Amino acid sequence: MKEDIQKLLFQEIKASNLKGVTRASQIEVFEPKTLEFGDWTSNICMKLAAKSDDNPREIAERLIENLTKEDWITKIEIAGAGFLNFYLSSEQKFNFIEQCLEQKEPLLIQGKVKQRILIEYVSSNPTGPIHIGHGRGAALGSALSNLLSRAGSEVKQEYYVNDQGLQIETLGLSLLLNYLSLDGERIKLPKECYQGDYLKTLASDLKKNEKNKYKFALPEKLPTNFDDWLVLVKKELSDFKELGKFALTKILDGIMTDLKEFNTFHDDFFFESSLFKDSKKSEFHKTLDYLSKKGLSYDKDGAIWYRSTDFGDEKDRVLIRENEAPTYFASDLVYHKNKFDRKFDEMINLWGSDHHGYLPRINASLKGLGYESKKLKTIFIQFVSLIRGKNKVSMSTRSGEFVSLKKLIDEVGVDAVRYFFLERRSDQTLEFDIELAKKKNKDNPVYYIQYANARICSLMKELQERGFNYSHKEGSKALSSLSSAKENELVSQINSYQLTLERCFDKREIHSLCFYLRDLAAIFHSFYNSHPIIDKDDGSRNARIALSLATQAVIKDGLSILGIGAPEKM
RNA sequence: CUCCCGGUAGCUCAGCUGGAUAGAGCAUCUGCCUUCUAAGCAGAGGGUCGCAGGUUCGAAUCCUGCCCGGGAGGCCA
């Protein structure tokens, strides 16, 4: 529709020899904020006026002279400083509603190029359960994936697992110390160790499975710091590595379970360790050799450095440490190379905003390897803070007091958690009010939206009980009798669903969809209260039922993108 | 010190590729259930869009400076 208006305007602009526009798509046509200004509006006359010294309203008059002949346009108004307001015929207005009524499949976003898209998200370290910060990423990543596939794109959802290096040793040691403590040894965990209670549970599991396999004679004087513990443990236990693996497997299992419960479904878990397979011939080593051959890396102070400064980073970065261990950055560089080699049209990373300083070096590494870093889009996710009524709930990962996603879901439910995570722009900090999320009334937007759907379900039941028949054919026929302000408002809100999805798609964001659904629900509730829907008059009844069903189709469709349920009864 | 994000109603936030009177929810106040779910609706009050300049027909939106809040600047991940 928008495109049709752009095309018409463009024709007229060319015919009148006006300068300033070379393509139809440059002409701004948008939905005005109130219905007073028509169904569509354009500011093009003001833009043209700026380049031609002519008065915008005069230009407007010249332009619309021929346009009114179009039969799908009922009226064009010149308003304000020179806006063109278009009013459409009712057939045009009900097009989308009829489509909603017949739709069985999810609605598709039209006019977008099909792409292969990789989206990597959550990717939390497998050293502990997912906490609410990761949950926000999970909600956004999964919803975004749903949205992107609506445009026909093939979306691959990936979780990158850092299953290597010091943190896994740390995990193993943390587990072991908890395990040894089970027999009454009083061991104080060094501060570098993971402190959460989940390790106590894991330690008991380990004990059950393996009995005393990992017990050994402790020296009289226990080590006091992390490094000494590690040295001791490695000396005493030949299979110390198994402990890290055990913990990692168990924890990752838990993460997967939590994610599934949270309606988040990754296609693939990509293990960092896979980059190191085949030792010297691994993807990791090949890539590092390549960098070295190309002169992109160099030795200094016993370490190997990447020349990221050459590609816009502030300073060069270490790839291989003095102790020969690769840095996190080195692995990540190879991982991103791997992503590019898989030939996606677009790659999206969802990162915690505390990683924003990390982006320049990843971009630098990709440029160095000769990849188009434009294909990589990084979306940053700000922190979540929890409040309960007016009190802040304290959260700190280090001390193990973090609030796990699972706990939050158990308390307020998946739907509410997802909604609250998605309703805010991802790059803004989020204040999550637990009490509000638990409410089951209109204060809580997720219930408010779901309630609109439940109401419509209940309407349909009531319709049957009163012995009325309804068919889409009759409903569609009756639509043109809709004329009240509330009805028009609802029609117009339903119609802007497509545009809402397109905008979300283009901007790779979700929160506008939440706001849209909330508005739609509000307009529906208002409509419901001002008109009898199951009316005695066949025409009004059929039309209003059709309108309600179209509303329902959109609500269900929108909620399914958000990964939120639509209960029929509440 | 440098960089990033933010500052919009009492609170939580939309709007930011410049456009018509700056929006929503909560909170406050006032109404509405013999009628399809009151788990709802209708209405009212509430604003120097952080401050100061600039750009232009037009600025919450773009530019510059400043103030305030948060984050980032590892051979951590």
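Source: prediction; values computed, not measured. So that the names make sense, note that chain A is the first sequence line, chain B the second, and so on, each numbered from 1.
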J.: Using whole Å, report how far CG of Asp427(A) lies from C1' of C13(B).
T.: 13 Å
J.: Atom CH2 of Trp351(A) to atom C1' of C4(B): distance rounded to whole Å?
T.: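 In whole Å, C4(B) C1' lies 14 Å from Trp351(A) CH2.
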J.: Considering only the C1' atoms, how many Å lie between C51(B) and A59(B), rounded to the nearest integer?
T.: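 It works out to 16 Å between them.
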J.: Tell me: CZ of Arg424(A) to C1' of A24(B), nearest whole Å?
T.: 10 Å
J.: Would you sort out whether Glu61(A) and Arg57(A) count as a salt bridge (Lys or Arg N to Asp or Glu O under 4.0 Å), showing the intermediate values?
T.: CA-CA 6 Å; Glu61(A) 272 168 43; Arg57(A) 295 186 75 106; 5.7 Å; no
J.: Rounding to an integer number of Å, can you tell me how far Gln164(A) CD sits from A77(B) C1'?
T.: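 Nearest whole value for this atom pair: 13 Å.
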J.: Is it true that the side chains of Thr22(A) and Gln26(A) contain a donor and an acceptor less than 3.5 Å apart?
T.: yes
J.: Within the pair Arg455(A) and A38(B), is there a side-chain N or O less than 4.0 Å away from OP1 or OP2?
T.: yes
J.: Using a strict cut-off of less than 4.0 Å between a Lys/Arg side-chain nitrogen and an Asp/Glu carboxylate oxygen, indicate whether Glu169(A) and Lys241(A) qualify as a salt bridge.
T.: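 Here Glu169(A) does not pair with Lys241(A) in a salt bridge, since their nearest N and O are not under 4.0 Å apart.
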J.: In whole angstrom, give me the gap between the C1' atoms of A14(B) and G71(B).
T.: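 Taking atom C1' in both A14(B) and G71(B), they lie 23 Å apart.
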J.: Between A60(B) and U8(B), how far is it from one C1' atom to the other, in whole Å?
T.: 7 Å
J.: Expressed as a whole number of Å, how far does the C1' atom of C4(B) sit from that of A42(B)?
T.: 46 Å
J.: Heavy-atom distance under 4.5 Å between the side chains of Ile434(A) and Ile387(A), does that happen here?
T.: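 No; the side chains remain at least 4.5 Å from each other.
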J.: Does a nitrogen or oxygen in the side chain of His511(A) sit under 4.0 Å from OP1 or OP2 of G15(B)?
T.: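 Result: yes.
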J.: Tell me which nucleotide among G15(B), A14(B), A77(B) gets nearest to the side chain of Gln428(A).
T.: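 When the side chain of Gln428(A) is considered, A14(B) is the closest of G15(B), A14(B), A77(B).
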J.: Can you check C33(B) for me, syn or anti if syn means within 90° of 0?
T.: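 In terms of base orientation relative to the sugar, C33(B) is syn.
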J.: Distance alone, cut at 3.5 Å: any donor-acceptor contact between the side chains of Ser124(A) and Tyr159(A)?
T.: yes
J.: Which residues pass the side-chain contact (heavy atoms from CB on, under 4.5 Å) test with Glu423(A), not counting sequence neighbours?
T.: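 Here the qualifying residues are Tyr419(A), Pro445(A), Cys514(A), Phe515(A), Arg518(A).
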J.: Between G50(B) and U56(B), how far apart are the P atoms? Round to whole Å, please.
T.: 23 Å
J.: If only atom types and distance count, is the side chain of Tyr497(A) paired as donor or acceptor with the main-chain N or O of Gly558(A) below 3.5 Å?
T.: yes
J.: Scan nucleotides 18-23 of chain B nucleotide by nucleotide, 5' to 3', and note B when protein non-hydrogen atoms come under 4.0 Å of the base, S if they reach only the sugar-phosphate, - if neither.
T.: -BBB--
J.: Please give the stem ranges for RNA chain B, sorted by first residue number, where a stem is three or more consecutive Watson-Crick or G-U pairs and both donor-acceptor distances are under 3.5 Å.
T.: B:1-7 with B:67-73, B:10-13 with B:23-26, B:28-32 with B:40-44, B:50-54 with B:62-66
J.: Expressed in whole Å, how much space separates the P atoms belonging to G23(B) and G69(B)?
T.: 31 Å
J.: With sequence neighbours left out, what residues match Arg424(A) under side chain to side chain donor-acceptor pair (under 3.5 Å)?
T.: none
J.: For A42(B) and Tyr528(A) - does any side-chain N or O of the residue sit under 4.0 Å from the phosphate oxygens OP1/OP2?
T.: no
J.: In terms of side-chain heavy atoms of Met570(A), which of A39(B), C36(B), C75(B) is nearest?
T.: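 Closest nucleotide to the Met570(A) side chain: A39(B).
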J.: What is the separation between atom CD1 on Ile434(A) and atom P on U12(B), rounded to the nearest whole Å?
T.: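 From Ile434(A) CD1 to U12(B) P: 17 Å.
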J.: Report the residues that fulfil side chain to side chain donor-acceptor pair (under 3.5 Å) with Arg425(A), sequence neighbours left out, ordered by chain and then residue number.
T.: Asp427(A)
J.: Determine the Euclidean distance between corresponding P atoms of C66(B) and G73(B); express it in Å to zero decimal places.
T.: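 Looking at atom P only, G73(B) and C66(B) are 24 Å apart.
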J.: For A42(B) and Ser526(A) - does any side-chain N or O of the residue sit under 4.0 Å from the phosphate oxygens OP1/OP2?
T.: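 Answer is yes, contact under 4.0 Å.
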J.: Of all the nucleotides listed (C57(B), C36(B), U12(B)), which has the minimum atom distance to the side chain of Ala50(A)?
T.: C57(B)
J.: Lys2(A) has an atom NZ; how far is it from atom P of U17(B), in whole Å?
T.: 14 Å
J.: List in chain and number order the residues that pass side-chain contact (heavy atoms from CB on, under 4.5 Å) with Ala521(A), two or more places apart in sequence or in another chain; answer none if no residue qualifies.
T.: Tyr448(A), Ile449(A), Ala452(A), His525(A)
J.: Tell me whether the side-chain N/O atoms of Gln382(A) come closer than 4.0 Å to OP1 or OP2 in C4(B).
T.: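 Checking C4(B) against Gln382(A), no side-chain N or O comes under 4.0 Å of OP1 or OP2.
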J.: For RNA chain B, which residues of residues 533-542 of chain A approach it to below 4.0 angstrom with any heavy atom?
T.: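 Within this stretch, Ile533(A), Ile534(A) sit under 4.0 Å of the strand.
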J.: Is it true that atom CD of Glu411(A) has more than 12 heavy atoms of other residues, nucleotides or ligands lying nearer than 6.0 Å?
T.: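 Buried by this count: over 12 neighbours within 6.0 Å.
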J.: One pair to check against salt bridge (Lys or Arg N to Asp or Glu O under 4.0 Å): Asp506(A) and Arg503(A). What are the steps and the verdict?
T.: CA-CA 5 Å; Asp506(A) 290 340; Arg503(A) 233 195 35 224; over 6 Å; no
J.: Considering only the C1' atoms, how many Å lie between C63(B) and G10(B), rounded to the nearest integer?
T.: 33 Å
J.: Considering heavy-atom distances to RNA chain B, does Asp301(A) or Arg466(A) have its closest nucleotide positioned more toward the 5' end?
T.: Arg466(A)
J.: Are there any protein N/O atoms within less than 3.5 Å of an N/O atom in nucleotides 72-74 of chain B, and if so, which ones and at what distance?
T.:
residue: G74(B); atom: OP2; partner: Lys315(A); partner atom: NZ; Å: 2.9

J.: Take atom CG of Asn363(A) and atom P of C3(B), then tell me their distance rounded to the nearest Å.
T.: 19 Å
J.: Examine Tyr160(A) together with Phe271(A) and report whether their ring centres are nearer than 6.0 Å.
T.: no
J.: If you take all heavy atoms of Leu140(A) and Ser426(A), which pair is closest and at what distance?
T.: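 In terms of heavy atoms, the two residues are closest at CD2-CB, 3.6 Å.
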J.: Can you give the donor-acceptor pairs under 3.5 Å from side chains of residues 358-367 of chain A to other protein atoms, not counting sequence neighbours?
T.:
residue: Tyr358(A); atom: OH; partner: Asp332(A); partner atom: OD2; Å: 3.2
residue: Ser365(A); atom: OG; partner: Ile362(A); partner atom: O; Å: 2.6

J.: Judged by modelled atom types alone, do Asp415(A) and Gln450(A) share a side-chain donor-acceptor pair under 3.5 Å?
T.: yes
J.: To the nearest angstrom, how far is Lys569(A) atom NZ from C36(B) atom P?
T.: 16 Å
J.: Taking any heavy-atom pair under 4.0 Å as a contact, classify Ala49(A): base, sugar-phosphate, or nothing.
T.: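 If one applies the 4.0 Å heavy-atom cut-off, Ala49(A) turns out to touch nothing in the nucleic acid.
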J.: Please list each protein N or O that sits under 3.5 Å from an N or O in nucleotides 25-30 of chain B, with the distance.
T.:
residue: C26(B); atom: OP1; partner: Lys442(A); partner atom: NZ; Å: 2.7

J.: Go through it in stages, so that I can follow the logic: the residues are Phe270(A) and Tyr335(A), the test is ring pair (Phe, Tyr, Trp, His ring centres under 6.0 Å), and I'd like the CA-CA distance, side-chain angles, deciding distance and then a yes or no.
T.: CA-CA 9 Å; Phe270(A) 189 106; Tyr335(A) 173 47; 4.7 Å; yes
J.: Report the residues that fulfil side chain to side chain donor-acceptor pair (under 3.5 Å) with Thr500(A), sequence neighbours left out, ordered by chain and then residue number.
T.: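 Thr500(A) satisfies side chain to side chain donor-acceptor pair (under 3.5 Å) with no other residue.
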J.: Enumerate the residue pairs fulfilling salt bridge (Lys or Arg N to Asp or Glu O under 4.0 Å) with a member in residues 296-315 of chain A, sequence neighbours excluded, ordered by first and then second residue.
T.: Asp313(A)-Arg317(A)
J.: Which nucleotide in the list C16(B), C75(B), C41(B) gets nearest to the side chain of Lys507(A)?
T.: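 Side chain of Lys507(A) sits closest to C16(B).
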